2 protein chains.
Amino acid sequence: MISKQEFIEKLRNSSLRPTKQRINICEVLFNRDKTFHFTINDLFNLIKDKTGEKVSLATVYNTVHAFHKKGYLKEIPINSNQTYFDTNVTDHHHFFDVKEEKLIDLKNEDVGPIEIQKSIPGKKIKSVEVLVKLED
Amino acid sequence: MISKQEFIEKLRNSSLRPTKQRINICEVLFNRDKTFHFTINDLFNLIKDKTGEKVSLATVYNTVHAFHKKGYLKEIPINSNQTYFDTNVTDHHHFFDVKEEKLIDLKNEDVGPIEIQKSIPGKKIKSVEVLVKLED
DNA sequence: TCGTTGTTTATAATTATTCTAAAGAAGATT
DNA sequence: AATCTTCTTTAGAATAATTATAAACAACGA
Ligand SMILES: [Mn+2]
Ligand SMILES: [Mn+2]
Ligand SMILES: [Zn+2]
Ligand SMILES: [Zn+2]
């Protein structure tokens, strides 16, 4: 259970003003035991449900992108009509249950080390992500 | 160099009527030495450029999805505003040059075998894809 | 408290994709 | 070849996620 005060400090440390809206979003995103995979719309609805206060959709977009830029959220590469984000910002891989449209974390040891044996001159590797699609 | 006749047969064998539009799209997609990564818009423009005939955007969408469903095209999971497709339908992985917005094939031996050590009850693995993002 | 700067919000704009329905083309049947 | 049926193409409208706009508002520092 992270305190409101800690969120305020975290925001300040990131030169983001600790507004009521951002604190609410932090509560919904980061006061959790396990990693949270979500779309903007998931989050928008959860904020209303969990805090009882409505935050405008524009602010949800703004805040998610601010957090993403600061490295507090990760974007998951899947083809979907909506973009998925993840509160687990460490390097890790995913199952994607195509039917349920749900992401599930894979630990690195569930996948094993991946060595890329090819390189492109002038480019360096930014990330290596495995997506395992699941069907019934 | 695949002949028009071969495309006609391929279409017929897939219970897709060999229309002028579909044949043109086949020429642009499949008369190539190396694998082709594209967005619908790329393809739409290339058809005009390469065949001199315009195919409506709706038909490009329809045809790409028909080919996708038949297994002649693969969809590549990346977060982009547009969906990427691939004429290489074998299991393989990708570099994605974030700056250039370009996909590059990785051979399976460039990545090595990937063993997924976790399973979800009632679900089976449909695909395993590695995406390696590149930066400068 | 005041001025500055950053933030929220409703709403409009943008954009990729899908839908619709009418016109056209392909294939089958006579 | 004429006819019928089914599939396909097309322009344009509809949908839906995301981004832009700009005015009201809130946080901060002096
Ligand atoms: Mn995750
Ligand atoms: Mn490829
Ligand atoms: Zn972002
Ligand atoms: Zn498709």
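Reminder, nothing fancy here: chain letters follow the sequence lines and each chain counts from 1. This structure is a prediction, so every number in the text was calculated from the model and none was measured.
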Can you tell me if Q21(A) touches the phosphate of dT9(C), counting only side-chain N or O atoms and a distance under 4.0 Å to OP1 or OP2? yes
Rounding to a whole Å, what distance do you find between [X]:[atom1] and [N]:[atom2]?
X	N	atom1	atom2	answer
F67(B)	dT8(D)	CZ	C1'	13 Å
N62(A)	dG6(C)	CG	P	14 Å
K69(A)	dG6(C)	NZ	P	13 Å
K70(B)	dC7(D)	NZ	P	12 Å
H68(A)	dT19(D)	NE2	C1'	16 Å
I47(B)	dT10(D)	CD1	C1'	14 Å
N13(B)	dG27(C)	CG	P	13 Å
I8(B)	dT8(D)	CD1	P	15 Å

Are side-chain heavy atoms of K69(A) and S14(A) found at a separation under 4.5 Å? no
Student check: side-chain heavy atoms of L29(B) and L43(B) closer than 4.5 Å: yes
Looking at OG of S56(B) and CG of N62(B), how far apart are the two atoms once the value is rounded to the nearest 0.5 Å? 7.5 Å
Drop me the distance from K107(B)'s NZ to N88(B)'s CG, to the nearest 0.5 angstrom. 11.0 Å
Can K10(B) be said to sit on top of F30(B)'s aromatic six-ring, NZ or CZ under 6.0 Å from centre and within 45° of the ring axis? yes
Tell me whether the guanidinium CZ or amine NZ of K54(A) lies under 6.0 angstrom from the six-membered ring centre of F44(A) and within 45° of its axis. no
Measure from the side chain of V55(A), starting at C-beta and using heavy atoms only, and say which of dT7(C), dT9(C), dT9(D) lies closest. dT9(C)
Which protein N or O atoms sit under 3.5 Å from an N or O of nucleotides 22-26 of chain C?
residue: dA26(C); atom: N3; partner: R17(B); partner atom: NH1; Å: 3.3

Are there any protein N/O atoms within less than 3.5 Å of an N/O atom in nucleotides 11-19 of chain C, and if so, which ones and at what distance?
residue: dA16(C); atom: O3'; partner: N81(B); partner atom: O; Å: 3.4
residue: dT17(C); atom: OP1; partner: T83(B); partner atom: N; Å: 2.9
residue: dT17(C); atom: OP1; partner: T83(B); partner atom: OG1; Å: 2.8
residue: dT17(C); atom: OP2; partner: Y61(B); partner atom: OH; Å: 2.8
residue: dT17(C); atom: O5'; partner: Y61(B); partner atom: OH; Å: 3.3

Quick one: on DNA chain D, does L16(B) or K54(B) contact a more 5' nucleotide (nearest heavy atom)? L16(B)
Establish whether F85(A) and I104(A) are linked, either directly or via other cluster members, by ILVMFWY side-chain heavy-atom contacts under 4.5 Å. no
Between E27(B) and R22(B), is there a salt bridge with N-O shorter than 4.0 Å? no
Could you tell me how the ring of H65(B) sits relative to the ring of H68(B): parallel (under 30°), tilted (30 to 60°) or perpendicular (over 60°)? tilted
